[in-house]
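Note sheet for the following structure.
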Amino acid sequence: MPSSKSKRKQQRNKKGGGKPAAGHSGDTKAKNVSGSKTEPKMSLSAKELDIIHKQQPLYGMVSRNVSGPRVRLSLESEVNPFTKQPHTAQYKQILEGRKTLPIFAQMDEFLKLFQQNQIIVLVGETGAGKTTQIPQFVVFADLPHTRGKMVACTQPRRVSAMTLAKRVADEMDVQLGRQVGYSIRFEDMTEPGTTFLKYMTDGMLLREAMNDPDFTSYSTIILDEAHEHTLATGILMGVLKAAAKRRPDLKIIIMSATLDVVKFQKYFNIRSSGQAPLFKVPGRTHPVEVFYTQEPEPDYVEVAIRTVLMIHRAEGEGDILLFLTGEEEIEDACRKIKLEADELHNQDPDTVGPISCIPLYSSLPPAQQQRIFDAPPQSKIGSAPGRKVVVSTNIAETSLTIDGIVYVVDPGFSKQKVYNPRIRVESLLVSPISKASAQQRAGRAGRTRPGKCFRLYTEKDFMKELDEQTYPEILRSNLANTVLELLKLGVKDLVTFDFVDAPAPETLMRALELLNYLAALDDDGNLTPLGAMMADFPLDPQLAKMLIVSPEFRCSNEILTITAMMSVPNIWLQPANQRREADAAKARLTVPDGDQLTLLNVYNEYRQNSGDKNWAWNNYINQRAMAQAENVRSQLERVMEQFEIELVSIADTKKLYVAVRQALVNGFFMQVAHRKGQQGNYITVKDNQVVALHPSCGLEGQPEWVLFNEFVLTTRPYIRTVSEIKPEWLLEYAASYYDLRSFPESEYKTALQRVSAKRYGTATTTTSSKRSGSNGKSGTPDGREPKKPKFPPQTK
DNA sequence: GAGCACTGC
């Protein structure tokens, strides 16, 4: 079957881009179809109609010159336009459903706007069907398969890309992974040459762009969920805008669920043709009545619990969704709600029904997450109906949809990432949500029938205090990775790069500085060969650097494992009632020289015991995280193979553990702390932050010099995932960063000077044996003075 | 003696 199809496609391709799609030579009919301004008359003969209906549904259609009536004719055909197979009964049934979507009635209008513009901004509430229907309209308008191109539709999350592709494949009556497919990390469900509609994560499209900055595989790119302002979406917009200027034939559609789209319209004003046109799609959700508190409430958790109980007592049937900020808060609230609701029910079962209270957050095992789809508890005949209460983080705002929710309780807070470029620290802070977020939360009450939303803040606060939109992620993140990606994408000047939301100069400066010290950038800010290689690894720059140089330390096999383990969420389980057992299990697996070595040890033990299905569980290790680490490890191994980076190891454990920590220094020499006093305090080198070892740290005692993976700001500043290192390694493998002349006077400077004097005979000159010779940066051979980097650019 | 909002390559 594939061979006959590709033959047909070759015949079409011979005819070239603008020619009729179905081998029909005279395209006069097509002109008739789309040429007139009013509802076009389709002056098709009975014979032609018969061809369209029974053999060639795309007969006579011309790419980007297609009208609604003509598309509908193709949809009603007996045969599938793309497979030439007879349509199934399921197709016809789904098509009837699609026809009732409001967006379906706007097809003609959309096709016209699409034809006339290179870039469109489209706004429509969730449930309008825009994500399933618009890509299909575009497929008919573009006929990408006749030109060897694809239509892409990007999503911020993997699950959405997968489920949408499945849904649309059904709607188009094709097999998933053939004409319609998806592409996400670890899974490419497409067939090159056959797939012409591809759902994918925005991160995946960004990866592709690194090797093809003009997006040449695509005729149209649809960017969905733009209102979420995620990092990848922000970068993609900038890159797409640049590509659209170079490629007038590349069409772009920006889709958003909130009305605040003027920003996008203005941003995509290319060729000075005025702002990009807006296409509006009506929503299809039920009305939600919104209530506010009269006075600001000081303790939102307490009020939230009271509100849930009030709804349970006084409101009609329907489930409740309460938004809180984190795991502990959620588990705590669930306990209290359950306790009080049970009491109410026992006192008066006739008016107050039974309740089930279900926590929801991402680190819950999938089986427990599934509980949100359970039916509410049954009540005895004659007594009040049962009710389900879901207490959730923001995961229920976007990622997971729970049907049957009628009441939403919104205290107006969520944990949000904030970045402090001065000390290069990302942390999580409970912050007020935006208006857009509050609206999204309220909308969760109206998915199946009219609902109610109780906001635990005043209407005045909503109007005056909340931001319109959530602050874009690009303004709240460490951009080291992003900057490396942009450079690999061919962006020369980051300071003048046209961002939708330009990051703070200090943030860019910090990123450039780090990349320069890692030798990913030369002193003129150009990507080095090492930097180009680093960009191809789906890793933070420090991890990529350490992995690439690890063969020089004969431990690339181990560094590969550690890198994978450091790329997955926390592997340690600590059930509340088994803390002592969990701690004991952890102690058994701990390597006292460093937490990174402990991670290596856990992975190796896990693999050695792969026959024992209960090993992870018995050792209080998160099985899911381990499986993820295996996955990441093999992906990284493939990239290493591409670059012919050898996988080597040292048999002697003692020597191996030294080599591993030396390799760590090559990536993390900027994350080093020195012990200060006897109180367990450390001070970070150059940033001078007072920190403590995180209680989860497995180091024996308090070594003088440590390297850390993470700086976390919680009850106090901690460093987490820590290894002991020797100061000589810093001088040897990161000589230019540890040029002591540039150091502020400090205890650690004095200590390093002592080491330097002992080693090189002088306290100020740093020479190097240049062992990490994969770049010209981290050593100063021949005693030459280290060159002062021009990077990063200084800001005022 | 803490804690991990969420997502992505």
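Any value given below was found using the heavy atoms of this structure, including those in side chains, with hydrogens, waters and symmetry copies removed. All figures in this text were calculated on a predicted structure; none of them were measured in a lab.
Rounded to whole Å, atom C1' of B:dC9 lies 13 Å from atom CZ of A:Arg638. The CZ atom of A:Arg716 sits 9 Å away from the P atom of B:dA2 (whole-angstrom rounding). Put simply, CG on A:Leu699 is 15 Å from C1' on B:dG1, counting in whole angstrom units. B:dC6 atom P lies 16 Å from atom CD1 of A:Ile433, rounded to whole Å. Look at NZ on A:Lys586: it is 14 Å from P on B:dA2, rounded to the nearest Å. B:dC6 atom C1' lies 7 Å from atom CD1 of A:Ile395, rounded to whole Å. A straight line from CD of A:Glu328 to C1' of B:dA2 spans 10 Å, rounded to a whole angstrom. Atom-to-atom, CG of A:Asp540 to P of B:dG8 comes out at 16 Å; the value is rounded to the nearest Å.
Between A:Tyr199 and A:Ile184, every side-chain heavy-atom pair lies at or beyond the 4.5 Å cut-off.
Mapped onto DNA chain B by nearest heavy atom, A:Glu327 and A:Arg158 fall at different nucleotides, with A:Glu327 at the one closer to the 5' end. Where A:Phe537 and A:Gly326 meet DNA chain B, the nucleotide closest to each residue was compared, and A:Gly326 sits on the side nearer the 5' end.
Residue-level contact check: A:Arg157 touches the backbone only, with heavy atoms under 4.0 Å from sugar-phosphate atoms and none from bases. No engagement by A:Leu206 is indicated, since no non-hydrogen atom pair under 4.0 Å with the nucleic acid exists. Across all strands, A:Thr230 comes closer than 4.0 Å to no nucleic acid atom at all (heavy-atom distances). Residue A:Glu228 is out of contact with every strand shown, counting any heavy-atom pair closer than 4.0 Å. Residue contacts shown for A:Pro156 are limited to sugar-phosphate atoms, with no base heavy atom under 4.0 Å away.
Taking only side-chain atoms of A:Pro538, from C-beta outward, the nucleotide of B:dC9, B:dC6, B:dG1 with the closest atom is B:dC9. Residue A:Thr715 has its side chain nearest to B:dA2 when only B:dA2, B:dG8, B:dC9 are considered. For A:Asp583, counting side-chain heavy atoms from C-beta on, the closest listed nucleotide (B:dA5, B:dC9, B:dA2) is B:dA2. Taking the side chain of A:Lys415 as heavy atoms from C-beta on, and the options B:dC6, B:dA5, B:dG1, the nearest nucleotide is B:dA5. Closest to the side chain of A:Thr393, out of B:dG8, B:dC6, B:dA2, is B:dC6.
Distances shorter than 4.0 Å separate none of the side-chain N or O atoms of A:Thr325 from OP1 or OP2 on B:dA5. Not one side-chain nitrogen or oxygen of A:Ser414 sits closer than 4.0 Å to the OP1 or OP2 atom of B:dA5. Close to B:dC9, at under 4.0 Å from its OP1 or OP2, lies a side-chain N or O of A:Thr201.
No donor-acceptor contact under 3.5 angstrom links the side chains of A:Tyr361 and A:Glu329, judged on distance only. A donor atom on one side chain and an acceptor atom on the other are found under 3.5 Å apart for A:Arg444 and A:Thr401. A donor-acceptor contact under 3.5 angstrom links the side chains of A:Tyr457 and A:Asp410, judged on distance only. A donor-acceptor contact under 3.5 angstrom links the side chains of A:Glu397 and A:Ser437, judged on distance only.
Formation of a donor-acceptor pair under 3.5 Å by the A:Arg720 side chain with backbone atoms of A:Glu710 is not found in this model.
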